[in-house]
Protein chains: 2
Amino acid sequence: MNKGRVTVVDIARAAGVSKSTVSLVLQASPLVNEATRAKVNAVIRELGYVYNRGAANLRQSASSKIIGIIVNDLTNSFFAELAVGMDMVMQSAGYVQFLSNSAESVDRQREVIASMREHGIAGLIISPARGTEAVDLKPLAASGIPVVAVVRNVVGAKVSTLFSDNYAGAKDAVRHLVSLGHSRIAFLGGIANTTVFAERVQGWRDALAEAGLAAPDTLVIGSTASRAGGVAAIERALSLQDAPTAALCFNDAAAFGVCDGLRAAGKEPGRDFGVVGFDDVIEAETAVPALTTVSVDPQGMGRRAAQLLLKQINAGRVEPEAIVGSVRLVVRQSCGAGEKTRRMSA
Amino acid sequence: MNKGRVTVVDIARAAGVSKSTVSLVLQASPLVNEATRAKVNAVIRELGYVYNRGAANLRQSASSKIIGIIVNDLTNSFFAELAVGMDMVMQSAGYVQFLSNSAESVDRQREVIASMREHGIAGLIISPARGTEAVDLKPLAASGIPVVAVVRNVVGAKVSTLFSDNYAGAKDAVRHLVSLGHSRIAFLGGIANTTVFAERVQGWRDALAEAGLAAPDTLVIGSTASRAGGVAAIERALSLQDAPTAALCFNDAAAFGVCDGLRAAGKEPGRDFGVVGFDDVIEAETAVPALTTVSVDPQGMGRRAAQLLLKQINAGRVEPEAIVGSVRLVVRQSCGAGEKTRRMSA
DNA sequence: TGACAAATTTGGAACGATCCAATTATCTAG
DNA sequence: CTAGATAATTGGATCGTTCCAAATTTGTCA
């Protein structure tokens, strides 16, 4: 009896109505008589019916309530939080999401996109793997599926985008370090060959220029955008003949690594060396010393991206839109300023 | 012309064959003539056909190649890595996954499960939200959908499980601290009212008893399983009249918090106070000091969970299976032992 | 060439829900 | 009591695929 799943027809038979009526009940249509509705609902509960969304989506008019999310590195808590933000709004909008981790592999990403297409996603939010090309996203756009690219850019792709203002954020951070009296400020961590990296470095460079300070390439030390990368970068920075006294780090993960590296070298971050991160990951606040960082609120960004996508899905017409999320410097202790002035402002 | 999507019938017409033949080509059946196959494939590419998996899954025999994953806290990097591990094996097995974050809300979790059922998932891996009851998972099991519970237990649920050996891990960790000469060892962080917490505390208690040491309840200081929770716990621990000199922490996040808190109190973790974590998150290795921790390899656990689920899906019969993942102590620097002996062992 | 086997191909009839047009039940008022 | 309106219900036909049984083509050998 548990063989085949329970369908509308089974319900109809058991309730003594037609499948059409059952369908109307399922859609909470006002056309159906209250008594009938009650009886049908009772039978539905009794037989343990589960709605088959796949079957419903078959009819050409219907759209699928499934959206795809692809991130390049879920183990990075920035992206994990981004995903959580999206999850929140998608869930309350009645969508489910295919979430996949491309792990920076363009091939894997391509497979995942294909698979998602076959499953009929209504839209896609993607933080593209390094090396993603416009052609990878073309077919989606061509079949009218809205795409929102977040965090990273895909040059030439006609999709909506939501980036944070990397340039302004980096500039603000460096200005702050300058105002604290630093004159040799490094840029540490991150993979050099990316747009985000370039934008942040440009902000760093321009802020230094503005202050009349030198911005030699030796002070830009790329590595990976991780804690380990931060350790490596600060080691190299400290070994320079004219070592920096502060640094803007590519992201918070790298900044934590820089703090670790400083301690390993006997220096206390915040006191002996100014450290500023980028992203404002949750741990930034509770770390010791608390990390001064450029806040981009990953969860909020995820929510906005999801809202943007939903808007496009509902609009029908796909009109690419570019949003740049504002950003603000959160001064805590690791830069050497926060702690002392924190309670003095009142 | 781009109105309706391209279907097998369109392909059939354009290639001058029947839809049945196209279907055979799609399934790479050996029944079809090479020349025909080539032509059909050419047309498929030309018209930009995309397979409609939803329609295919409609036929009763087919099973869906979609699995559900629900975790209770994606922002915790332990779970993020767990998810990544699952993603890996699911992806190479040709599955896509609905991944959702219950954020410890049983209601949200219930909704998500319902939604996943409607979408016809072939199986579910869940790290249950606190307070999940057997009845929440019952309907799935009843309709023959395999369920694997990971990390946490759901009492009374007839599902497969994959937990790490919390008891043994905690015991090993405490034994190690004892062997380093500590006699007042605390248990810090974590939410007291959970199975995992109870198991780890029991290991802690038994190891102390084994060594003839006292295990007073005052040394068990619960809080949240986060960095902030660790900070709070160590603060309380240090304020005790007979303060501990070392601690086993509920998890790595809490352990990092404990290190932060120690530093804030002017003590250096590893030198002035022994800290051991639990989970072996990636950052444990690169942190300074590197964290001594009980390794449970979250990614590996995710992979195993995924494999277990796939096995059950393929087996047809759902035979609940309980796996307890072995665990091992990774000695690094935060306990005060690792660093000195690291290079001396050769 | 004809008979038979093997290799290919092909119409439907599902699958589970929706939706339109058409039907039937119920109500209202003259 | 009935015409006409309104409320409620209901058969198909349809969505895009699979799969079975049956039909067609091709190949082999006496």
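Protein chains get the first letters and strands the later ones, always in sequence-line order, with residue 1 at the start of each.
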Please report, rounded to the nearest Å, how far the [atom2] atom of [N] is from the [atom1] atom of [X].
X	N	atom1	atom2	value
B:Y51	D:dT17	OH	C1'	7 Å
A:R53	C:dA17	CZ	P	11 Å
A:N57	C:dC15	CG	C1'	15 Å

Set of residues satisfying side chain to side chain donor-acceptor pair (under 3.5 Å) with respect to B:K158, sequence neighbours excluded: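 So B:K158 forms no side chain to side chain donor-acceptor pair (under 3.5 Å) with any residue.
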Which nucleotide in [options] has an atom nearest any side-chain atom of [X]:
X	options	result
B:S20	D:dT9, D:dT17, C:dG12	C:dG12
B:R59	C:dC15, C:dG16, C:dT18	C:dC15
A:A55	C:dA17, D:dT17, D:dT9	C:dA17

Involving DNA chain C, stems made of at least three consecutive Watson-Crick or G-U pairs, both distances under 3.5 Å: C:1-30 with D:1-30
Phosphate-side-chain proximity, [X] and [N], N/O vs OP1/OP2 below 4.0 Å:
X	N	answer
A:S23	C:dT18	yes
B:T21	C:dT10	yes
B:Q27	D:dT17	no
B:T36	C:dT9	yes
A:R5	C:dG16	yes
A:S18	D:dT10	yes

Ring pair (Phe, Tyr, Trp, His ring centres under 6.0 Å) pairs, two or more places apart, involving residues 44-97 of chain B: none
Test log, rule side-chain contact (heavy atoms from CB on, under 4.5 Å), inputs A:K311 and A:E321: CA-CA 11 Å; A:K311 197 181 84 183; A:E321 189 170 338; 3.1 Å; yes
Pairwise 5' ranking along DNA chain D for A:K19 and A:L31, keeping only the more 5' one: A:L31
Pair B:Q109, B:S105: side-chain N/O donor-acceptor within cut-off below 3.5 Å: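 Result is no, nothing qualifies.
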Check: A:V71 main-chain N/O paired with A:S102 side-chain donor or acceptor under 3.5 Å: yes
Sub-4.5 Å side-chain heavy-atom contact between B:V151 and B:N72: no
Close side-chain approach of A:T7 and A:N52, heavy atoms under 4.5 Å: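 SC-SC contact between A:T7 and A:N52 ruled out.
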Using a heavy-atom cut-off of 4.0 Å across all strands, would you classify [X] as base, sugar-phosphate, or nothing?
X	value
A:V22	nothing
B:V17	sugar-phosphate
B:T7	sugar-phosphate

